[in-house]
Amino acid sequence: MSTLAPPPPAATGTAPARQPRSPNSQGGLKIRIKRRIFYALTGRRVLRAVFAVLRRHAPLAKVGTRVVVSRHADVLETLDRDEVFTISQVNGPSIDRINGPFILAMDRGPEYDRDHAALRSCARREDAGRIRELARAASARAIQEARPRRRIEAVQSLTRAVPSELVGQYFGFPGPDRATLQRWLRNLFQDAFANPIDDPYVREAAHQSFLEVKAWVLPEISRRRAAGTGLDDDVMGRMIALGATNAWADDDWVRRNIAGQIVGAVDTISRFSILAIDELLRRPRELEGAQAAARAGDLDRVRQYAWEAVRFNPHTPLMARTCSSAYTLGAGTPRAKQVQPGSGMAIGTLSAMFDPDGFPDPKRFRIDRDIRSYLHFGWGMHQCFGMGINLVMIPEIMAAMLRLDGLRRAPGRAGRVVLDGPFPDRLVLEFD
C-alpha cells in the first residue's frame, strides 16, 4: 500500500516487517471474477434499486431458505428480538476459528453478560474526553504533515493512521509496528464480518494473522501482568487487572477479548470517514455546510453531516441473523410472514434508512434527523461495541479534512476511492 506521507516509526523501534500482499489481490481468474460479481451486485445503486422494489412489493421476501427484510419496522423488530433472531450461527464459526469466544458471536446468556459487563468496565464511557483529544491531536498532525504538498492521501495518512493510534495508546495494543498491526486487523475483520463468498485467500490470511497476533500478544500480557504497573493506563491493562480477583480473566481471556475489541477499530472508522467525505464531495452544497460547521468547531453538526452522508453511501447495507424458533414478523399487518426455524435473515439496514415510515423524506439530505436513529452500526443487543468511540473519533477526523480550504479530489483516478476488497485503501485529496 502506498502513501504520500512517510510511514510512522515502528512501535518497537525496529523497521516494519515487509507486509504480505493483500488477500484481495490474490487468486486466479475464477476467484477474481467471483469477487467482481459480488461487489457489483452489492453496490449502493443496485441495492437501493432492489430494496425500493422489495419495500413496495415484497417487504418480507423469501429467497430459498433466506428471508430478506426491507421495511424499517421489520428491520428493528428483527434486530430487537435477539432471543429469536440469533447471531452465533452467523459470526460464531469464523470468530471461533480466528479468535475464540467473543461477545460479537454470542447470543444472550451468562457468558455474554459477564464478558460484556467486564469489557464495559475496561473501555469506559468516561474516557470520551481522552479519546477526543487523541483523535484531534493525531488528525492535526496528519494534516500538518500534508500541508507543504497541498494534498493528502486520506486513507493511509489520516483515516487509518488516527484509529491506529487509538488502538496503540488507548487500548494498549501497538503491535510490533503500525503496518503489521493494520494488516492483522484488516485480515481478521474481513474474514469475521466481510467474507460472504468464503474467499479462501481471505480465510488463509486471517488464520496467519491470528497466529501472529497470538504469538505477539500472549508474551505481552504475561510481561504486563508480571510487572503489575500502569494497569489502569489503557484498556488491555484494565483487562489484565481483572485477573487479580476473577480466575476466568486469565491470559487467554485477555487475548481473545482485547483482539475482539480492536479488530474493527481501524477499518470501521476509516471506511465510515472515507464514505462520508466521498459522498460530501459529490454534493457541493452539503460540503459547504459541513465545512462551515467544522470551522465553527461544531462537531455535533459535523457528525450529523457525516451520518447523513453515509446513509446515501452505505457503510453496512445488510446484516445477518438466523431464526432460532418460529416467529411471525410484522404480525397484525398485511405483510405478516411466519419465519421458520433455521431460516437465514438478510436484514436491509440500508433499506430501512430509505423507508419513509422510519426516515421521513428519505430522498432528501437532511441533518435534522435523530443521530440515534441511524443503523450504520447496527441496532439492539449487538449494536457496535465501539459506538461511543465512533461518535467521538469520526467527527474529529472529518473536521480535520473539512477545515481545509478548497478541499477537492485530486485529478483522475487518484481522486477516486480505491478499494482493497470492501475497504477504502486510497483517496487523494487536494486543498489550497
Side-chain angles (χ1 to χ4, degrees), residues 11-12 91-92 94-106 111-125 127 130-131 134 160 163-178 180-193 206-269 382 384-390 393:
T12 58
N91 290 345
S94 58
I95 290 180
D96 286 348
R97 185 177 67 246
I98 60 174
N99 185 65
F102 182 63
I103 58 172
L104 293 183
M106 293 181 190
E111 187 177 6
Y112 173 89
D113 293 341
R114 182 199 72 188
D115 285 1
H116 189 271
L119 297 182
R120 282 291 177 212
S121 75
C122 297
R124 301 167 184 165
R125 288 182 173 87
D127 293 336
R130 173 183 172 185
I131 293 167
L134 185 156
R160 295 190 82 204
S164 295
E165 291 202 26
L166 173 86
V167 171
Q169 295 182 36
Y170 173 67
F171 283 97
F173 196 108
D177 58 76
R178 180 177 292 177
T180 299
L181 174 69
Q182 290 178 339
R183 172 175 60 82
W184 286 347
L185 299 187
R186 177 170 285 191
N187 288 345
L188 293 169
F189 183 82
Q190 184 171 2
D191 190 36
F193 304 110
H207 177 69
Q208 182 59 38
S209 292
F210 161 68
L211 296 177
E212 293 175 23
V213 166
K214 193 172 184 178
W216 180 83
V217 74
L218 283 175
E220 178 67 6
I221 294 168
S222 296
R223 181 191 67 77
R224 293 190 63 179
R225 195 185 291 279
T229 57
L231 295 184
D232 197 46
D233 293 343
D234 54 48
V235 174
M236 188 160 78
R238 295 167 184 171
M239 293 170 65
I240 292 169
L242 287 174
T245 53
N246 300 280
W248 46 263
D250 59 13
D251 287 7
D252 194 64
W253 182 91
V254 175
R255 175 196 65 76
R256 290 186 281 107
N257 284 279
I258 190 66
Q261 285 184 94
I262 66 172
V263 69
V266 172
D267 282 301
T268 293
I269 290 172
H382 281 292
C384 179
F385 186 84
M387 181 69 156
I389 291 173
N390 298 338
M393 290 201 70

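All residue numbers in this chain count up from 1 along the given sequence.
Here the CD1-CZ distance, from I262 to F189, works out to 13.0 Å after rounding to the nearest 0.5 Å. Rounding to the nearest 0.5 Å places NE2 of H116 at 5.0 Å from CD1 of I103. In this structure, CD1 on I131 lies 13.5 Å from CD on E165, to the nearest 0.5 angstrom. Remark: N257 CG to Q261 CD distance equals 6.5 Å, nearest 0.5 Å.
Every residue two or more places apart in sequence or in another chain that forms a side chain to side chain contact (heavy atoms under 4.5 Å, CB included) with D191 is listed here: R97, I98, N195, V202, R203, A206. Residues that satisfy the side chain to side chain donor-acceptor pair (under 3.5 Å) test with Q190, not counting sequence neighbours, are N24. Contacts of E212 classified as salt bridge (charged side-chain N to carboxylate O under 4.0 Å, His left out), with partners at least two apart in sequence or in another chain: R183. When the side chain to side chain donor-acceptor pair (under 3.5 Å) test is applied to D96, no partner is found at least two apart in sequence or on another chain. Under the rule for a side chain to side chain donor-acceptor pair (under 3.5 Å), R125 has no partner lying at least two apart in sequence or in another chain.
Side-chain contact between L211 and K214 is absent, with no heavy-atom pair separated by less than 4.5 Å. Looking only at side-chain heavy atoms (C-beta outward), F385 and F102 stay at 4.5 Å or farther from each other. By the 4.5 Å heavy-atom criterion applied to side chains, R160 and D267 are counted as neighbours. Using a 4.5 Å cut-off on side-chain heavy atoms (C-beta onward), N99 and V263 make no contact. By the 4.5 Å heavy-atom criterion applied to side chains, L104 and F193 are counted as neighbours. Looking at V254 and R224, their side chains never come closer than 4.5 Å, going by heavy atoms from C-beta outward. The shortest distance between side-chain heavy atoms of F171 and I389 falls below 4.5 Å. Counting heavy atoms from C-beta outward, Q208 and N187 have side chains that stay 4.5 Å or more apart.
What you find for S222 and D251 is that their closest heavy atoms are OG-OD2, 3.0 Å. The shortest heavy-atom contact between A123 and Y170 is CA-OH, 3.5 Å. Here the closest non-hydrogen pair linking S94 and A192 is OG-O, 3.3 Å.
Classified by interplanar angle (parallel below 30°, tilted 30° to 60°, perpendicular above 60°), the ring pair F210/H207 is tilted.
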Listed pairs under 3.5 Å, donor-acceptor, residues 235-249 side chains, sequence neighbours left out:
residue : atom : partner : partner atom : Å
R238    : NE   : D232    : OD1          : 3.2
R238    : NH1  : C122    : O            : 2.6
R238    : NH1  : D127    : OD2          : 2.8
N246    : ND2  : L242    : O            : 3.0

request  = Take I221 and W253 through the side chain to side chain contact (heavy atoms under 4.5 Å, CB included) test and state the conclusion after the steps.
outcome  = CA-CA 11 Å; I221 294 168; W253 182 91; over 6 Å; no

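Residues R256 and D252 are paired through a salt bridge, judged by an N-O separation under 4.0 Å between the basic side chain and the carboxylate.
For H382 (side chain) and M106 (main-chain N/O), a donor-acceptor pair under 3.5 Å exists by modelled atom type.
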